[in-house]
Amino acid sequence: MLFEDHVAPSPLLAGLNTEQGAAVTLPPEHALILAGAGSGKTRVLTTRIAWLLQTGQVTPGGILAVTFTNKAAKEMMTRLSSMLPINVRGMWIGTFHGLCNRFLRAHHKLANLPQTFQILDTQDQLSAIKRLCKQFNVDDERYPPKQIQYFISGCKEDGQRPGDVVARDEEARKKVELYALYEEQCQREGVVDFGELMLRSFEVLRDNDPVREHYQRRFRHILIDEFQDTNRLQYAWIKMFSTPPLEGLTPAGNAVFAVGDDDQSIYAFRGARVGNMADFVREFNVRHQIKLEQNYRSCSNILDSANELISHNSHRLGKNLRTDAGAGEPVRVFEATSDFAEAQWMVDEMKQLARKDVPKAEMAVLYRSNAQSRVVETALFNAGLPYRVYGGLRFFERAEIKHALAYLRLLENPNDDTSFLRVVNFPPRGIGARSIEQLQDVARSAGCSLHDAVSAVTGRAGVAIGAFVAKLDVLRERSEGMTLSEIIELVIDHSGLVDHYRAEREGQDRVENLEELVSAAKSFVGIEGFGRDAVARTVDASGQPLTQSPASQGFDASLPVLDEPLAPDADTGETMSPLAAFLTHAALESGDNQAQAGQDAVQLMTVHAAKGLEFDCVFITGMEEGLFPHENSMSDRDGLEEERRLMYVAITRARKRLYLSHSQTRMLHGQTRYNMKSRFFDELPEACLKWLTPQQPAWGVPSGAGGGGGQWQNGRRSFGAPPVLQPAWSPGFNEKGDPKGLGQTAPEPDRGTDIRAGQAVFHNKFGEGKVLAIEGAGADARAQVSFTRHGVKWLALSVAKLTPIP
DNA sequence: TCCTCAGAAGTTTTT
DNA sequence: CTTCTGAGGA
């Protein structure tokens with residue numbers, strides 16, 4: 001039987017396959033869905049919610065759905081509202097941090113936080129730590145602030161307060177001490193970092209039985225996306241919402257519906273614990289495990305490659321993707337002589353694809369590390385192909401935006417010392433390190449914020465800083481009654497930010513970004529994370545369990561629960577201002593890091609950034625030992641297995657056509673590296689591959705023997721000197737095996753000899769062109785080249801690197 | 001107090 | 001080869 005028979009068939013279920021339908025219609029008990037790449041995971045998750053609602057098993061208020069990214073949360077909301085005419089806002093759907101924020105605002109008293117607490121992002125956290133270290137004269141050689149930050153975040157992710165950490169040596173003790181001091185500082189300033197959002201809300205739930213029990217009763221269905229990416233604390237947090245394991249199977253309990261894919265776990269480095277999946281099954285006594293193995297994305301050559309590769313990992317939960325699509329095209333493998341040549345080959349290939357009407361947005365270049373994007377960008381730029389690089393600074397992380405936000409935060413909370421220090425002398429107003437030190441001394445001895453210490457500072461410094469504070473006070477006063485965007489306009493004008501950037505040579509972009517901030521504010525409609533959860537507040541206010549159970553109270557979909565962000569707090573009459581809401585939004589959602597969509601452009605990104613995306617044509621570049629798998633991950637098995645999962649993610653991004661390329665030499669950190677091809681080539685099914693370049697045999701051994709470069713097995717080396725033995729196949733190598741000869745000759749084979757009039761050539765700076773004429777000979781030889789993008793130029797052949805293009 | 005230059009470091013990243 | 005950060009000079 002396909003679906004539970006007590007449930008009437010629903011149009012929602014139309015089009016689902018057997019596995020998907022089974023997952024969607026599972027009884028209200030804990031379940032783990034192993035959802036392979038491209039198996040319709042998001043669809044199952046959202047349809048499950050829609051189905052639960054439609055069949056009356058739950059009301060919107062009884063849903064808690066957690067994701068990792070805002071993007072995923074938004075998508076879930078959108079899909080859901082297209083499926084059902086319901087008030088999506090009554091549900092708790094959001095990111096872990098977004099929901100924690102909402103929770104802490106509602107229970108700020110129990111959490112011992114001001115209702116308008118502000119959120120430190122990673123940058124802010126680091127500067128707060130630096131400030132702390134300076135204040136306590138910490139040797140930043142022995143204890144680099146970055147490392148302290150890593151330590152603190154790690155502790156919080158493991159649910160440990162300073163008192164819980166076992167410090168065995170001097171170093172650990174010092175770190176714990178700093179952790180404790182950092183906590184004090186944050187508490188004093190009324191700010192929380194990302195880890196604190198999670199940990200603090202976890203603790204409120206753990207330590208307040210009525211609150212915990214209230215939420216346990218309220219959330220009948222808890223759904224978690226990307227479960228393989230959860231860390232220890234997030235798992236513990238989920239446990240707080242779920243009813244105790246023993247009751248897990250009773251009708252009274254709630255149900256945790258976890259969706260994930262252990263093969264796509266690629267975030268161990270930031271604390272993700274795949275083991276949570278197995279723990280979940282054990283601790284929650286999970287009876288329902290469903291594998292979604294039907295893939296709707298890729299052709300079988302691609303899928304078989306992915307399956308074969310990942311089968312080399314041990315400790316898998318076990319899963320094999322299948323597809324109804326045909327074999328499709330083979331996976332193409334290319335070996336380049338240099339990273340330049342690799343990029344150039346890609347560009348040529350892309351042009352051909354474009355000629356075959358493949359949209360550029362359906363071509364993606366994936367790489368292991370960001371540094372690899374540069375060569376590709378250069379090649380694309382020179383060829384005049386539009387491209388878009390993912391990653392990099394997001395909107396709310398930009399310096400000018402952070403500055404503006406710092407002013408805004410100071411309007412809300414003058415005690416925010418991080419923000420104070422950020423802008424006290426920006427734009428420069430003659431307040432130097434000396435003055436600031438003086439101020440910090442006063443603040444320290446008085447135990448107050450920098451803002452409050454100002455009046456006690458004497459002399460010139462006091463005057464200058466006093467003027468700054470007065471300016472803030474004026475801005476705060478004038479902003480009364482203004483709309484959000486008016487306030488922001490006021491602040492960026494009167495803080496001097498706009499003027500400062502206008503005067504700067506390259507400040508135009510920054511001015512535009514500041515203007516963009518104003519428009520962002522205009523379109524900002526806050527619904528997230530503040531305001532009034534009627535039920536939650538009842539508990540918070542009285543500190544007692546509800547006299548009336550949420551179930552009997554009912555959670556009518558039409559009843560706005562979290563829909564009035566600006567409603568005053570019932571006890572204090574406090575309101576969360578639009579500005580405070582906007583600042584929260586800015587901290588929790590740092591904005592797009594993919595450039596504006598719209599233009600048809602080739603997509604460039606790291607493999608990590610590609611997770612969850614799909615493209616018709618995918619190029620995975622830099623398939624070399626040391627790069628992919630990365631050298632830092634190769635030493636232990638866990639590291640290597642994560643690299644393999646990363647490769648698995650990369651492969652499964654492709655729908656129709658997949659290219660894998662590697663290069664003999666690569667410029668990295670200003671040095672030419674000589675890399676072996678990646679071991680992952682040996683783990684792909686030969687039958688699915690098509691080698692575009694001859695496979696390199698061991699020296700003198702006929703091609704084909706030991707397929708895939710098995711000879712290298714024992715001598716795999718990634719870096720350092722080039723191999724002593726030179727392969728016989730490269731025309732550019734000299735006989736002596738001189739490393740310099742290799743470096744110079746191999747990447748630009750036969751430079752000069754093929755340059756004649758009419759020849760198409762490539763130049764590293766000017767890109768593609770055609771040789772019009774040659775003049776002179778030997779060292780004086782010059783070529784006149786007409787470049788596609790840069791016009792006609794004369795180039796000395798002894799200097800310019802011109803590569804002939806066939 | 002600002003600006004320039006030298007040195008170090010350089011997987012992957014969301015909130 | 002870059003890009004960022006911090007220390008010293010103008």
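What you are looking at is a predicted structure, and each value in this text was computed from that prediction instead of being measured. Naming convention: chains lettered A, B, ... in sequence-line order (proteins, then strands); numbering from 1 in each chain.
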J.: Figure out the NZ/P separation between A:K156 and B:dT14, and round it to whole Å.
T.: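 A:K156 atom NZ is separated from B:dT14 atom P by 20 Å.
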J.: Looking at B:dT11, I'd like to know if its phosphate oxygens (OP1 or OP2) sit under 4.0 Å from a side-chain N or O belonging to A:N370.
T.: no
J.: Starting from P on B:dT11, measure out to CE on A:M605 and report it in whole angstrom.
T.: 21 Å
J.: Using only side-chain N and O atoms of A:N70, determine if any of them is under 4.0 Å from OP1 or OP2 of B:dT15.
T.: yes
J.: Base, sugar-phosphate alone, or nothing: which one does A:F68 contact when heavy atoms must sit under 4.0 Å apart?
T.: sugar-phosphate
J.: At less than 4.0 Å, is any side-chain N or O atom of A:R394 found next to OP1 or OP2 of B:dT15? Yes or no.
T.: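 Checking B:dT15 against A:R394, a side-chain N or O does come within under 4.0 Å of OP1 or OP2.
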J.: Reckon A:R673 has a side-chain N or O less than 4.0 Å from the OP1 or OP2 of B:dG10?
T.: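 Answer no for this pair, as no side-chain N or O of A:R673 is under 4.0 Å from OP1 or OP2.
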J.: Please state whether the phosphate of B:dC2, meaning OP1 or OP2, lies under 4.0 angstrom from any side-chain nitrogen or oxygen of A:N425.
T.: yes
J.: OP1 or OP2 of B:dT1 less than 4.0 angstrom from a side-chain nitrogen or oxygen of A:S435, does that happen here?
T.: yes
J.: A:L233 has an atom CG; how far is it from atom C1' of B:dT14, in whole Å?
T.: 15 Å
J.: B:dT14, B:dT13, C:dG6: which one has an atom nearest the side-chain heavy atoms of A:H608?
T.: B:dT13
J.: Between A:F269 and A:F194, who's closer to the 5' end of DNA chain B by nearest nucleotide?
T.: A:F269
J.: Check the distance between B:dT15's P and A:H585's NE2 and give it to me in whole angstrom.
T.: 12 Å
J.: Taking only side-chain N and O atoms of A:K130, does any of them lie within less than 4.0 angstrom of OP1 or OP2 on C:dT5?
T.: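 Looking at the OP1 and OP2 atoms of C:dT5, neither is under 4.0 Å from any side-chain N or O of A:K130.
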J.: Could you give the CG-to-C1' distance, from A:D225 to B:dT14, as a whole number of Å?
T.: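 Result: 13 Å.
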J.: Respond yes when some side-chain nitrogen or oxygen of A:T606 is under 4.0 Å from OP1 or OP2 of B:dT11, and no when none is.
T.: no
J.: Give me the one residue out of A:H630, A:R679, A:R368 that meets side chain to side chain donor-acceptor pair (under 3.5 Å) with A:E643.
T.: A:R368
J.: Once salt bridge (charged side-chain N to carboxylate O under 4.0 Å, His left out) is applied, what residue pairs with a partner in residues 229-241 of chain A remain, sequence neighbours excluded?
T.: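 Listed once each, the pairs are A:D229-A:K611, A:K239-A:E283.
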J.: Taking the six-membered ring for Trp, are A:H403 and A:Y501 parallel (under 30°), tilted (30 to 60°) or perpendicular (over 60°)?
T.: tilted
J.: Using ring centroids (six-membered ring only for Trp), state whether A:F117 and A:H108 fall under 6.0 Å.
T.: no
J.: Pick the closest DNA chain B nucleotide for A:G432 and for A:A587 by heavy atoms, then say which residue is nearer the 5' end.
T.: A:G432
J.: Atom CG of A:D140 and atom P of C:dG6: how far apart are they, to the nearest Å?
T.: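 Answer to the nearest Å: 8 Å.
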J.: Is the Lys NZ or Arg CZ of A:R131 less than 6.0 Å from the centre of A:Y182's six-membered ring, within 45° of the axis?
T.: no
J.: Hey, does the side-chain of A:T95 have a donor or acceptor N/O within less than 3.5 Å of a partner on the base of B:dT14?
T.: no
J.: Out of A:R666, A:Q664, A:R374, which residue meets the side-chain contact (heavy atoms from CB on, under 4.5 Å) rule with A:D339?
T.: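 With A:D339 as partner, side-chain contact (heavy atoms from CB on, under 4.5 Å) holds for just one option, A:R666.
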J.: Please give, in whole Å, the distance from B:dT11 C1' to A:M647 CE?
T.: 17 Å
J.: Expressed in angstrom and rounded to an integer, what is the separation of A:E397 atom CD from B:dT13 atom P?
T.: 12 Å
J.: How is A:F96 classified with respect to the nucleic acid when contacts are heavy atoms under 4.0 Å: base, sugar-phosphate, or nothing?
T.: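 Nothing: the residue A:F96, judged by heavy atoms under 4.0 Å, touches no strand.
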